[in-house]
Amino acid sequence: MTDKIPVTVLTGYLGAGKTTLLNRILSEPHGKKYAVIVNEFGEVGIDNDLIVGADEEVFEMNNGCVCCTVRGDLIRIIDGLMKRKGKFDAIIVETTGLADPAPVAQTFFVDQDVSDRTRLDAVVTVADAKWLAERLKDAPEAKNQIAFADVIVLNKTDLVSADELADVESRIRAINPYARLHRTERAKIDIDEVLGRNAFDLDRIMALEPDFLEEGHHHHHDEDVQSVAVTLDGDVDPDRFLPWINDLAQREGPNILRSKGIVAFKGEPKRFVFQGVHMMLEGDLQRDWRPDEKRTSKIVVIGRDLDRPSIEKAFHACAA
Ligand SMILES: Nc1nc2c(ncn2[C@@H]2O[C@H](COP(=O)(O)OP(=O)(O)OP(=O)(O)O)[C@@H](O)[C@H]2O)c(=O)[nH]1
């Protein structure tokens, strides 16, 4: 068992702070080599672009959710990684915010090749202290992610009062009394609390889902949640884009579960990156566009009842 490569499944609802946690882990002077597998919901890869690349290799799985259509991809990527055994110490799988962690975890037990060579170390769930209580009401995935967690990182504590924090913590405890729970701001946590936990407890999961080890376990996505991805070749006018995106977040905020994008502003050598959850938006200029990189702007808005044509039209109207 000891020579099996540990796998950490990083989950948590849209915008909770998974990539923030992942970047924190990868930026630490850990002296280890991690293989990172990211899966995102949305037709264009943005997350992959936002992971701080040091030495680790990042494998992207788009076009679907890891818990359903791309599970074959996950198995293939892991098989490929295993052929290069010895080159890395651990695998981290970041799932989409809409993934049910059960089938992802199941892969590490049911697929023979994968289970021979890897072991699921822990399911780590990042929870958004501000929005989790709402999502527990309307998003079954959010609840499953908490139920399946071995470690819970209760993030964004800066956005709530002490009472709200205690309330969300008690809601989490009602679903999962077993997981280790940490309160964090910007996912600031000791790496040892997240990786190398040896915490995944199959017995507990079997009690939760007796058919966990049976194949053909299907997860139905919340069909109401859609992803609108728009790309634009060429530069964007910040004087048009910024008021528009701010206005969209204010107007459609309750319906927008997540928004993000990488935008090329006219005359600006740096990439503008914005991130949002509901009506809260943040954005800044990050690294330079590389000489070999096409200045393509891409945005993704994930939510309910979104007006796709109007978002597409409005973004294209921001072209410089
Ligand atoms: N105020 C505040 N914002 C945070 C905190 N942690 C992360 N954020 C912001 O929340 C947004 C979402 O963070 P991400 O790490 O991208 O979340 P994610 O879970 O990877 O999102 P998806 O992969 O799209 O589901 C970003 O704008 C972050 O900067 C926090 O503790 N406090």
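Just follow the structure's listing: the first ligand is 1, and inside any ligand the first atom is 1.
- Between K130 and E134 no salt bridge is recorded (no basic side-chain N to carboxylate O distance below 4.0 Å).
- Among the atoms of A16, some N or O lies under 3.5 angstrom from an N or O of ligand 1.
- Considering K188, R183, R180 in turn, R180 is the only one that fulfils the salt bridge (charged side-chain N to carboxylate O under 4.0 Å, His left out) rule with E193.
- For atom 9 (C) of ligand 1, the choice among R24, E185, R258, E282 with the nearest heavy atom turns out to be E282.
- The ring of F109 has its center closer than 6.0 angstrom to the ring center of F200.
- Salt bridge status for D150 with R204: present, with a side-chain N to carboxylate O gap under 4.0 Å.
- N144 places none of its side-chain heavy atoms less than 4.5 Å from the side chain of E141.
- Listed by number with element, the atoms of ligand 1 under 4.0 Å from a non-hydrogen atom of L14 are 25 (O).
- Here atom 32 (N) of ligand 1 lies nearest to D158 when heavy atoms of L98, D128, D158 are compared.
- The ligand atoms of ligand 1 that sit less than 4.0 angstrom from a heavy atom of K260 are 22 (P), 23 (O), 24 (O).
- Distances shorter than 4.0 angstrom do not occur between any heavy atom of M280 and any atom of ligand 1.
- Residue contact check for ligand 1: E94 places a non-hydrogen atom closer than 4.0 Å to it.
- Among T20, V300, L10, the residue whose heavy atom sits closest to atom 7 (C) of ligand 1 is T20.
- Checked by distance only, ligand 1 and A187 stay at 3.5 Å or farther apart across all their nitrogen or oxygen atoms.
- Screening residues 178-198 for ring pair (Phe, Tyr, Trp, His ring centres under 6.0 Å), with sequence neighbours left out, gives no hits.
- Between R197 and D121 no salt bridge is recorded (no basic side-chain N to carboxylate O distance below 4.0 Å).
- Ligand 1 has a nitrogen or oxygen under 3.5 angstrom from a nitrogen or oxygen of R186.
- Evaluation of the ring-ring contact (aromatic ring centres under 6.0 Å, His included) rule for F315 yields F241 as partners, not counting sequence neighbours.
- Per-residue contacts place T19 under 4.0 angstrom from the following atoms of ligand 1 (heavy atoms of the residue considered): 15 (O), 16 (O), 18 (P), 20 (O).
- Looking at ligand 1, you won't find any N or O of L159 less than 3.5 Å from one of its N or O atoms.
- Ion pairing between a basic and an acidic side chain is recognised when a charged N comes within 4.0 Å of a carboxylate O; D128 and R135 show no such pairing.
- Every atom of ligand 1 is numbered from 1 in the order shown, and the set under 4.0 Å from a heavy atom of N155 is 5 (C), 6 (N), 7 (C), 31 (O).
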